[in-house]
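Reminder, nothing fancy here: chain letters follow the sequence lines and each chain counts from 1.
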There are 2 protein chains.
Amino acid sequence: MAKYQEVIGWITERIDSGALAPGMKIPSENELCSQFRISRQTARHAIGRLEAKGILTSRRGSGTYVSDLHVQTTANRQKRIAVITTYVDGYIFPRMIQGIESKLNDYGYSMQIAFTNNTFERERSILEDILQHDDIAGMIVEPTKSALPNPNLDLYRELISRRIPMLFVNSYYPELNCPHVSMDDRKCAYRAVKMLTEHGHRKIGCILKLDDGQGHARYSGYLQAMKEAGNQIHDDWIVWLDTEDLAHMEENREKICRRLKECTGIFAYNDQVAVEVIRFLGEKGIRIPEQMSVVSMDDSDLAQMNGMGLDSVPHPKEKLGAKAAENLVHLIHNAQYGATHEFEEDITVRSSVSNITAGEQ
Amino acid sequence: MAKYQEVIGWITERIDSGALAPGMKIPSENELCSQFRISRQTARHAIGRLEAKGILTSRRGSGTYVSDLHVQTTANRQKRIAVITTYVDGYIFPRMIQGIESKLNDYGYSMQIAFTNNTFERERSILEDILQHDDIAGMIVEPTKSALPNPNLDLYRELISRRIPMLFVNSYYPELNCPHVSMDDRKCAYRAVKMLTEHGHRKIGCILKLDDGQGHARYSGYLQAMKEAGNQIHDDWIVWLDTEDLAHMEENREKICRRLKECTGIFAYNDQVAVEVIRFLGEKGIRIPEQMSVVSMDDSDLAQMNGMGLDSVPHPKEKLGAKAAENLVHLIHNAQYGATHEFEEDITVRSSVSNITAGEQ
DNA sequence: AATTATTTGTGCGTATGTATC
DNA sequence: AGATACATACGCACAAATAAT
């Protein structure tokens, strides 16, 4: 290894470790000479290389300084934000993306986007691509299967170590300690289930998603509402589904119908689940809301489609996307900014919940 | 002026003038020494500066060469495609975008996206942003109001002069002579209207969009089908709407109902228009298809929503997006590639068209 | 306000190593 | 194998800008 490369290594290490902060003066050429026992030309060679890279700045008569990090980042990293979501087509996603893009645009940022289809493989290849180019100013990520151990945390950590501001939406990876913008899933679920208990329902089942963090948070809201109302909870009434189940709901048809047979009310993970369940019940001749009350979350288009009048807690969609974009921009300008925000929404009342009569209980 | 700067000036001038073309070898260090009567260190200093900038490349034992210009440009322009569409939320857009992203990803490209909301102002600021950064490998653009004179053609022409491969989707700007991937709007509209004529309809009205190129092409398909069936065409039966009208359909309610009063069939520009018109008719007690047959285009979710069984010519959505992405990638590798493709689709038959009885004619 | 020490910038000489042709 | 060309390294001298005295 060449001597000048040793010097380069020593300086870059000290910068990375923080011993040499941006703006600080590095040892003078002569000091490096005696320190490394090299000639001044060799020291100059090392400094020259780092100066060409933009890492150091020399001022004649004064010294050589570590470049201001801000100058470096704004030069390298353009005003482009990488957005990663699970899906784009349908449900709440287009409107959330619309909210992100629109607000980012207000702040002069452009948006680069990719979709994981809720698979770890795609998430990994997207992150690898971003790491390879390393030319973005920040990231907004909707987690993939956030309730399962994520095999791509190494890449997320690498991005964080490169000081790329990162903000999660809808859910978050608890291991990463990054800010997130989402619904307050626990509280919103609590309100949805409370809607049922206030209408006299005691036997309330729920269908949840097991691989998303939201599923766990919403479960906790369900438990709270049930406990508060003094309702008993049967494990049989709680159905856990994963992403793959949602794509093949027919397979779970019998299980769901059997498990919820005794219930008078159902809390569905989201509108997509609610619509399927209502269809299953309808095929068995069970009418909503007369024979079964249903509450759900997200208040998507589905909640009003096909004559559906589903009571659902609205996902803020554009509003959430815009808030995420806004907070990320703040985070870019101030790494200490408290960017986490959770929306508390009230359930939109339509016609999928009825009062329980005494006889039914 | 420093001696090494004179050398730098001499070399850069010879590169700019073309005397030193990319890939050519520059004089050796020793030759520069005698030529400028300088020491070898000074010559090395000059070469080192230019090497750091990426203008020269030294190869030990061989010589110093002018950097291949191609290497420079591909280093700048990463594998990122800029996508511009009018909207993202709802209708056919999410699925089209999904198709683009997925296929681009297969080819190793990432996607940067922005939405014009079908306004020239936003389109302009998006294009300005792209021009400023100049770091994309190609563009996929859904035109904004393609049937109206576009005030942003200067920016498109600037992008084209920078040899950025560009492909349009859904429609195109006729002034630009760029390839496009879209439906064959004329032929698809022809088939939709033919569906009505084959069911005996003679008095067929249509509601078209005047500011999109598709509106004009679909009108031409309508004319062809009507002419072929020997049907008379009344100007009164043809209603032209623009983007702003679509956002305030109520304002056009009376006009539409009056104009189409005598018709037995309607060809709607797309499902969004069809749904509104069917709602207007329903409010006047006119039943579909008994009293009025309706055909439409795009076959979006709307065509099956709310008990609708709309006969509609399907927009290829994902398929179209994927084809656009694929053809753009071909265009990037071969500027002469014939990237234009028009999909011919057959109408999806549901239940919004009925046979005309002799008495009704 | 002038002086002085420090620090980087420019320039030259020499020597040895190593890859290429 | 030898000539050529770049890579690394040390030595010195002086200029120009800066900072401290």
Side-chain angles (χ1 to χ4, degrees), chain A residues 1-15 19-72 75, chain B residues 1-15 19-72 75:
Chain A
M1 195 187 198
K3 289 188 184 178
Y4 81 95
Q5 282 176 326
E6 276 184 45
V7 179
I8 287 178
W10 182 80
I11 293 174
T12 49
E13 266 172 37
R14 285 183 65 89
I15 291 175
L20 282 171
M24 274 176 65
K25 188 176 166 180
I26 71 163
S28 77
E29 293 174 357
N30 284 323
E31 280 167 351
L32 288 173
C33 291
S34 50
Q35 197 173 321
F36 286 89
R37 282 191 276 188
I38 54 175
S39 72
R40 187 165 157 241
Q41 335 311 324
T42 306
R44 280 186 63 72
H45 189 177
I47 290 170
R49 290 288 190 110
L50 292 172
E51 206 179 350
K53 273 198 198 177
I55 293 172
L56 298 178
T57 319
S58 294
R59 277 199 288 280
R60 181 193 295 201
S62 172
T64 301
Y65 302 82
V66 179
S67 294
D68 198 347
L69 202 68
H70 189 68
V71 175
Q72 239 189 298
Chain B
M1 195 188 197
K3 289 191 183 178
Y4 80 94
Q5 282 175 326
E6 276 184 46
V7 179
I8 287 178
W10 182 78
I11 293 173
T12 49
E13 266 173 38
R14 284 182 65 89
I15 290 175
L20 282 171
M24 274 176 67
K25 188 176 167 184
I26 69 162
S28 78
E29 293 175 356
N30 284 323
E31 281 167 349
L32 287 172
C33 291
S34 51
Q35 197 173 322
F36 286 88
R37 280 192 279 186
I38 55 176
S39 75
R40 204 177 136 229
Q41 336 311 326
T42 307
R44 280 186 63 72
H45 190 178
I47 290 170
R49 291 289 189 109
L50 291 172
E51 207 178 349
K53 274 198 197 176
I55 294 172
L56 297 180
T57 319
S58 292
R59 277 201 286 279
R60 183 192 295 203
S62 171
T64 300
Y65 302 82
V66 179
S67 293
D68 199 345
L69 203 68
H70 187 68
V71 174
Q72 252 186 288

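- The two atoms that bring A/Leu32 and A/Ile47 nearest to each other are CD1-CD1, 3.9 Å, heavy atoms only.
- Between atom OG1 of residue A/Thr64 and atom CD1 of residue A/Ile11 there is a gap of 8.5 Å, rounded to the nearest 0.5 Å.
- Here CG of B/Leu20 is found 5.0 Å from CZ of B/Arg14. Values are rounded to the nearest 0.5 Å.
- Remark: B/Gln5 engages B/Met1, B/Ala2 in a side chain to side chain contact (heavy atoms under 4.5 Å, CB included) (not counting sequence neighbours).
- Each ring pair (Phe, Tyr, Trp, His ring centres under 6.0 Å) pair with one or both residues in residues 44-68 of chain A, not counting sequence neighbours, appears once here: A/Tyr4-A/His45.
- Within the structure, the salt bridge (Lys or Arg N to Asp or Glu O under 4.0 Å) test picks out the following pairs touching residues 20-39 of chain B (sequence neighbours left out): B/Glu29-B/Arg40, B/Glu29-B/Arg44.
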All N/O contacts under 3.5 Å from nucleotides 3-7 of chain C to the protein, with atom names and distances to one decimal?
residue	atom	partner	partner atom	Å
C/dT7	O2	A/Gly61	N	3.2

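- The side chain to side chain contact (heavy atoms under 4.5 Å, CB included) check on B/Thr57 picks up B/Ser67, with sequence neighbours excluded.
- Interface residues of residues 34-52 of chain B facing DNA chain D, ordered by number: B/Arg40, B/Gln41, B/Arg44; criterion, heavy-atom separation under 4.0 Å.
- Take A/Ala21 and apply the side chain to side chain contact (heavy atoms under 4.5 Å, CB included) test, not counting sequence neighbours, and it matches A/Met24.
- The nucleotide range of DNA chain D contacted by chain B, defined by atoms under 4.0 angstrom from heavy atoms of the protein and reported 5' to 3', is D/dA5 to D/dA9.
- Not counting sequence neighbours, the partners of A/Thr42 by the side chain to side chain donor-acceptor pair (under 3.5 Å) test are A/Ser39.
- Rounded to the nearest 0.5 angstrom, B/Ile26 CD1 and B/Ile55 CD1 are separated by 11.0 Å.
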